[in-house]
Amino acid sequence: MQVWKDYQAENKDRFLEELLELLRIPSVSADSRFNGDTQRCAEAVKQRLQEAGADKVEVCQTAGHPIVYGEKIIDPSLPTVLVYGHYDVQPADPLELWHSGPFEPVIKDGNIYARGSADDKGQFYMHVKAFETMHKTNSIPCNIKFMIEGEEEVGSANLGIFLEQNKERLKADVVLISDTSMISLDTPSIDTGLRGLAYMEVEVTGPNRDLHSGVYGGAVANPATILAKMIASLHDENNHITIPGFYDKVQELSADERAALNAAPFDESAYKQDLGIADVWGEKGYSTIERTGIRPTLEVNGIWGGYTGEGSKTVLPSKAFAKISMRLVPNQDWHEISDLFTKHFEAIAPKSVKVKVTKHHGGSPYVTPTDSIAFKAAHEAINTTFGKAPIPVRGGGSIPIVALFEKTLGLKTVLMGFGLDSDNLHSPNEKYGLANYYKGIETIPYFHKYFAELAKK
């Protein structure tokens, strides 16, 4: 569609500047200090949707951060695509590791460096600009609805309520999400599944106050030491998770399925070099691709306790803490896994300490059908703009609400992401390629075109 290319070329600079404006808003959903900014970001998204041509655009308040809704119904008899994204971002800490301000976007070496550039402001905004392209060129082939939320990074606690209360408004034929990655611009891919998530926090308490480590050390259990030992015991010598029952419902792939998965291009040497590691690590008997896609994991996301300030303080801490996340695969239920973790962690604690386990949030794993009209439309759209067919892969991350969409709205989801695994998601110096951003804007209209055409057959 030459008319799309022409419009996008004419407005390329504006498309970028609008994204940079969104990136300057520190919409950190996990930190209440930024509540005003999340509201401001929602209002900005509303404005951009209205300018792009959406109707009935509304900032819908929830018990937490708001959800932005908009739609363009061109013909009720045509199929409808529900576009989901999120405008909230992860905390930027540790700030000292950023090369530039996390909310002061910098373009360097063809990348936009800023918190939220790839996850998910840059990716959801591609859909807004793709929609604008179709609207301004009078070529929208189907109905399009937008639901852009502000709590994805903290578990989407209020999204389920919103879905239940707005089933009629959210009626559609498929959900389209760009919050995942592809192998590369040279080797495009589509995620066919996501892992689930169970996120926990543990607290280990020893004495009723911090103690002098000389006077009491060696006689009183140190919660930090005990916590480290307990965490270490959660994996065995083969890096297999030791929680009883953890693997009972894990869906095992056949040898043929594993072979197909490992056929995707992967350079382990380049992988290690990019991360600055001497070797990979993980569950024995599985490749790196399998470990990050089809196998469950348990990782420490943060650990602290005692004195961590400048200089020294010889203290035996009263408490030690850790945040732990588990990525889950099909058939694992995050509530059940959370309970198994809690029971096991309490059981392995010695009598010298007390343990408290808090379940934060989670979500179910999800596998997308590859024989659906929507998946075929995404496949053909990428094939059209990239000049090669995308490779189906399993994503290692989690988007808990995908399973919720199917449960509540009865809708399947297509995961058509344009980011890269090397985009430093959730890390300092998050980035998103300019080429990826523009390629997404170019490709997304073709999804709607092919989806509408295939739906007629």
Side-chain angles (χ1 to χ4, degrees), residues 26 28-35 64 90-98 102 151 153-155 157 197-237 239-246 281 296-328 334-362 426-428:
V28 181
S29 54
D31 191 333
S32 61
R33 293 176 300 171
F34 297 95
N35 284 356
Q90 283 274 328
D93 308 77
L95 296 175
E96 66 273 13
L97 296 183
W98 284 80
E151 294 186 322
E153 299 293 7
V154 289
L197 174 69
Y199 196 96
M200 319 293 291
E201 182 172 334
V202 297
E203 175 184 318
V204 176
T205 302
N208 58 10
R209 62 188 185 278
D210 286 357
L211 303 176
H212 188 296
S213 64
V215 175
Y216 292 97
V220 177
N222 186 319
T225 304
I226 299 298
L227 175 59
K229 288 184 175 183
M230 293 172 69
I231 288 174
S233 76
L234 296 176
H235 290 91
D236 65 16
E237 66 277 8
N239 300 324
H240 195 84
I241 296 165
T242 57
I243 299 171
F246 186 86
W281 183 96
T297 63
L298 184 152
E299 300 293 346
V300 176
N301 303 127
I303 184 168
W304 68 99
Y307 181 71
T308 58
E310 185 177 353
S312 63
K313 180 182 181 183
T314 52
V315 62
L316 190 158
S318 170
K319 294 178 180 290
F321 306 82
K323 292 180 185 289
I324 296 172
S325 65
M326 292 163 283
R327 300 289 174 168
L328 312 177
W334 76 274
H335 296 288
E336 182 177 340
I337 293 297
S338 298
D339 291 340
L340 289 175
F341 175 89
T342 301
K343 181 179 179 181
H344 178 66
F345 207 78
E346 291 174 344
I348 63 175
K351 292 181 179 179
S352 53
V353 298
K354 297 186 288 291
V355 167
K356 177 184 177 183
V357 180
T358 302
K359 178 169 64 177
H360 279 299
H361 64 268
H426 297 194
S427 302

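With rounding to the nearest 0.5 Å, the separation of CE in Met326 from OG in Ser338 is 5.5 Å. Here the OG1 atom belonging to Thr358 is positioned 11.5 Å from the OH atom belonging to Tyr199, to the nearest 0.5 angstrom. Atom CD1 of residue Ile231 and atom CD1 of residue Ile348 lie 9.0 Å apart, to the nearest 0.5 angstrom. Taking CG of Asn222 as the start and CG of Leu211 as the end, the distance is 9.5 Å to the nearest 0.5 Å. Rounded to the nearest 0.5 angstrom, Arg209 CZ and Tyr216 OH are separated by 5.0 Å. Rounding to the nearest 0.5 Å places OG1 of Thr342 at 7.5 Å from NZ of Lys359.
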Subject >> Candidate pair Leu197 and Arg327, rule side-chain contact (heavy atoms from CB on, under 4.5 Å), full reasoning >> reply: CA-CA 5 Å; Leu197 174 69; Arg327 300 289 174 168; 4.0 Å; yes

Original post:
So Val355 and Met230, side-chain contact (heavy atoms from CB on, under 4.5 Å) or not? Walk me through it.
Top reply: CA-CA 11 Å; Val355 167; Met230 293 172 69; 4.0 Å; yes

Original post:
Given the rule in the side-chain contact (heavy atoms from CB on, under 4.5 Å) test, do Leu234 and His344 qualify, once you have shown the distances and angles that lead to the verdict?
Top reply: CA-CA 9 Å; Leu234 296 176; His344 178 66; 3.7 Å; yes

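The heavy-atom pair separating Pro317 from Gly305 by the smallest distance is CB-C, 4.4 Å. Nearest approach of Ile324 to Asn301, heavy atoms of both residues: C-OD1, 3.7 Å. Here the shortest heavy-atom pairing between Ile226 and Ala221 reads CG1-CB, 4.2 Å. Here the closest non-hydrogen pair linking Ser318 and Pro207 is OG-O, 2.7 Å. The heavy-atom pair separating His361 from Trp334 by the smallest distance is C-CZ3, 3.5 Å. For the pair Ser29 and Glu153, the tightest heavy-atom approach, listed with the atom from each and the gap, is OG-CB, 3.8 Å.
Side chain of Thr242 to main chain of Ser233: a donor-acceptor pair is present (N/O by atom type, distance under 3.5 Å, no hydrogens or angles).
Counting heavy atoms from C-beta outward, Val357 and Met200 have side chains that approach closer than 4.5 Å. Looking only at side-chain heavy atoms (C-beta outward), Phe341 and Ile241 stay at 4.5 Å or farther from each other. You'll find the side chain of Trp304 reaches within 4.5 Å of the side chain of Lys323, heavy atoms only.
The aromatic rings of His235 and Trp281 stand perpendicular to each other, their planes meeting at an angle above 60°, with 30° marking the opposite boundary.
Within a 6.0 Å radius of CD in Glu96, other residues, nucleotides and ligands contribute more than 12 heavy atoms.
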